Each structure stands twice: as C-alpha cells, then as structure tokens.
Amino acid sequence: MPELPEVETIVRALRPALVGKSILSADLRWPRSLAAPTPLAFARRVKGQKIEEVSRRAKYFILHLSSFSLLIHLRMSGDLLVKEGAYIPAKHDRLHLRLSDDTTLVFSDPRKFGRLWLTADPEEVLGDLGPEPLDPSFTPQIFYERLHIRRRQLKPLLLDQTFIAGLGNIYTDEALHMARLHPLAQSDSVTAEQVEALWRAVREVLEEGIRSNGTSIDWVYRGGEFQNQLRVYGRAGQPCPVCATKIERLVIGQRGAHFCPACQPFKE
DNA sequence: CACGAGACCTGTTCGC
DNA sequence: TGCGAACAGGTCTCGT
C-alpha cells in the first residue's frame, strides 16, 4: 500500500499518539519481520525506550527512541495503528509495542513483506536512498543531471529508490501522465522542459496524495481519498480524463504501467 | 550498467 | 459452486 503520501499520512496520524510515551514491552509475533538485530536483542533494547519523535524518510516510518531508531518499512501490505486499552491480537499482527499510556502500537502486515530495524545508526539502512522529492534541495537542475547520468526507462527509474525516494507504482504512473511522458521513454533523452514538467508533476501528485490522506484501494483501507482522483493508475480500458483515449496497461519491470497512448506518445 | 526473472507472502478477483 | 490463474501500493538477488 504505502508510498510516500500514505506513510506521511500515517506519521501525521500517529505522532500525537506516540510522542512522549515509553515502550513497556515488545511482542514480536512474526520474527522474520525483524531485519535487525536478533529478536532477543530487540526485545531487550526496545524495552524502556521513550519515543522522542516520529518522522519519515522516503517510505520508511521512523520512531526516534532515547538511544535507538526503530525504522519500519510497510512494503506492500503493512499498516501501523494504535489501539487503546486491552487489545486482542488480530490475525496479521506482526509486532505489538505496549506503551506507557495503556495503548499498543500494532504493526499489521498480511503479506509479511514489511521490515523492522532497531538501530543506533539509521544511515546504515537509509544511506543509499535518493533525494526526497518534496525537499527544497531537490531542484529541476539536480533532477535533470540525475536523469541524464544514466540511460534507463523512466518508469523503472522513478521506482528506483536510490534514484528518487518515495515514489511507488501509483504515483509514478500519475506523475508520468501529468508530465505527458511515456513510461518507456529513455531518461537521458528527456529535454529540460520535460524534466521541468516531470519535476513539477512528481511534486504535485505527491502533495495531492498527502492532501487526500493517501490512496485506499482493495481490501487495505486507510481512509485516504486519492483513489477517486487517479487519472491512469488502475484505469486500463477507461477513458483518459484529458483526451478520452483509452488508457493502456503495459508490464514494465514486472510492474503494471498505466498510461494514455495519446497524451504520452512513445517516440523512437 | 540496464534489464528480466525469481523470491519473499497472503488475499482477492476474474475467467471458465 | 469450484478451482486455478492473475493480480496487488515493494524490494532484494541473481543471471545475461
């Protein structure tokens, strides 16, 4: 589920419920969700830690603890919620953190792809991430340079978290459509004007997504509204909102890519 | 370096 | 109704 806007939505929702609380105990219900350290060390180190702040980097949720950072990547189906009082574990719960105000932070993850890291040095996990697209330091000039250093198809490149951090399958398709660029276009052949359009589109779809509290589709529902504004994602066969041409779907890098063949013509 | 395929997982939906 | 295939918001690793 979660791309940058969904993770940002969760951060904003959970921050007031978590900051200032202490962790009384951990119940790791699916050990393989934990990337590091070992389950035993995790339980020992996390106990008694105070939650100082909650933030996000790319699609990573970050709990800043007294002496560690707990990083959580939700991958395809992960979710984080805070439950009040005595809590009955649910089927897909992978971690419970019992908190000092009689609440429980629950990491739920049906597909078990999500990962947790408890580390004193978050850079070990986050170090290879590319620029944060909504950060002021991410400029069209930097974007142009990065696009032109390599020769890659645009769609897989935008999904590459070392190239740009936070985009996933929905928002890349939406951004490429808004910028009128074909998902298979070569990164080093986009003009400065096209880069400018893509730069603006990436930021616009992410900001729109955040304003809508993210996208909720299928059985994973978070209360977001952005699914009602999708222009191409998941709309194969339906009319393009701009020109009414039928949206097409291609598989690129094993991911579905949705685009309008008229608005996003393929050259070369 | 760029790209495709396979793995990791469970659940839902679609076609016959 | 049943049953297998396809598909799903992500990322890693391996082979060409």
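Letters A, B, ... mirror the listed sequences (proteins, then strands); counts begin at 1. Bear in mind that the values here come from a model prediction, so they are computed numbers and not experimental data.
By the stacking rule of 5.5 Å between ring centres and under 30° between planes, A/F113 stacks on the base of B/dC8.
Residue A/R111 places a side-chain atom within donor-acceptor reach of the base of C/dA8, judged by atom type and a 3.5 Å distance cut-off alone.
Because its NZ or CZ atom is both nearer than 6.0 Å to the ring centre of A/F163 and within 45° of the ring axis, A/R146 counts as a cation-pi partner of that residue.
The side chain of A/H92 contributes an N or O atom lying less than 4.0 Å from OP1 or OP2 of B/dG11. At the phosphate of C/dT11, OP1 or OP2 sits under 4.0 Å from a side-chain N or O atom of A/Q161. Of the side-chain N and O atoms in A/H73, none sit less than 4.0 angstrom from OP1 or OP2 of C/dG10. Distances shorter than 4.0 Å separate none of the side-chain N or O atoms of A/K112 from OP1 or OP2 on B/dC8. Contact check, A/R152 against B/dC3: a side-chain N or O comes under 4.0 Å of OP1 or OP2. Contact between the side-chain N/O atoms of A/R75 and the OP1/OP2 oxygens of C/dC12 is not found at any separation under 4.0 Å. For A/K59, a side-chain nitrogen or oxygen approaches OP1 or OP2 of C/dT11 to under 4.0 Å.
Atoms OH (A/Y60) and P (C/dG10) sit 13 Å apart, rounded to a whole Å. The interatomic distance linking A/D109 (CG) with C/dG10 (C1') rounds to 11 Å, in whole Å. The separation between A/R115 atom CZ and B/dA7 atom C1' is 11 Å, rounded to whole Å. Rounded to an integer number of Å, the gap from A/I170 CD1 to C/dG10 P is 7 Å. A/W30 places its CH2 atom 12 Å from the P atom of B/dC8, with the value rounded to the nearest Å. With rounding to whole Å, A/R32 atom CZ is found 16 Å from C/dG10 atom C1'. B/dA2 atom P lies 15 Å from atom CG of A/L159, rounded to whole Å. Rounded to a whole Å, the CZ atom of A/R94 is 10 Å from the P atom of B/dC9.
With no hydrogens or angles considered, no side-chain donor-acceptor pair links A/D188 and A/H148 at under 3.5 Å. Residues A/D121 and A/T119 have side chains that never bring a donor and an acceptor to within less than 3.5 angstrom of each other.
Residue contacts for A/K155: at a heavy-atom cut-off of 4.0 Å it reaches no nucleic acid atom on any strand shown. Base contact: A/R255 has a heavy atom under 4.0 Å from a base atom. A/Q254 comes within 4.0 angstrom of a base, heavy atoms only.
Of the candidate nucleotides B/dA2, B/dG11, C/dG10, B/dA2 has the atom lying nearest to any side-chain atom of A/R150.
Comparing C/dA5 with B/dG6, their P atoms are spaced 15 Å from each other, to the whole Å. C/dC3 and B/dC8 are spaced 26 Å apart, taking the P atom of each and rounding to whole Å. Between the P atoms of C/dA8 and B/dA5, the separation comes to 15 Å (whole Å).
A/Q49 and A/S66 make their closest contact through OE1-N, 3.2 Å (heavy atoms, listed as atom of the first residue, atom of the second, distance).
Between A/Y87 and A/H96, the distance from one ring center to the other falls under 6.0 angstrom. In this structure, the ring of A/F226 has its center no less than 6.0 angstrom from the ring center of A/Y233.
Pair assignment for B/dC9: none, as no Watson-Crick or G-U wobble contacts are both less than 3.5 Å.
The 5' end of DNA chain C is approached more closely, in terms of each residue's nearest nucleotide, by A/R249 than by the other of A/G253 and A/R249.
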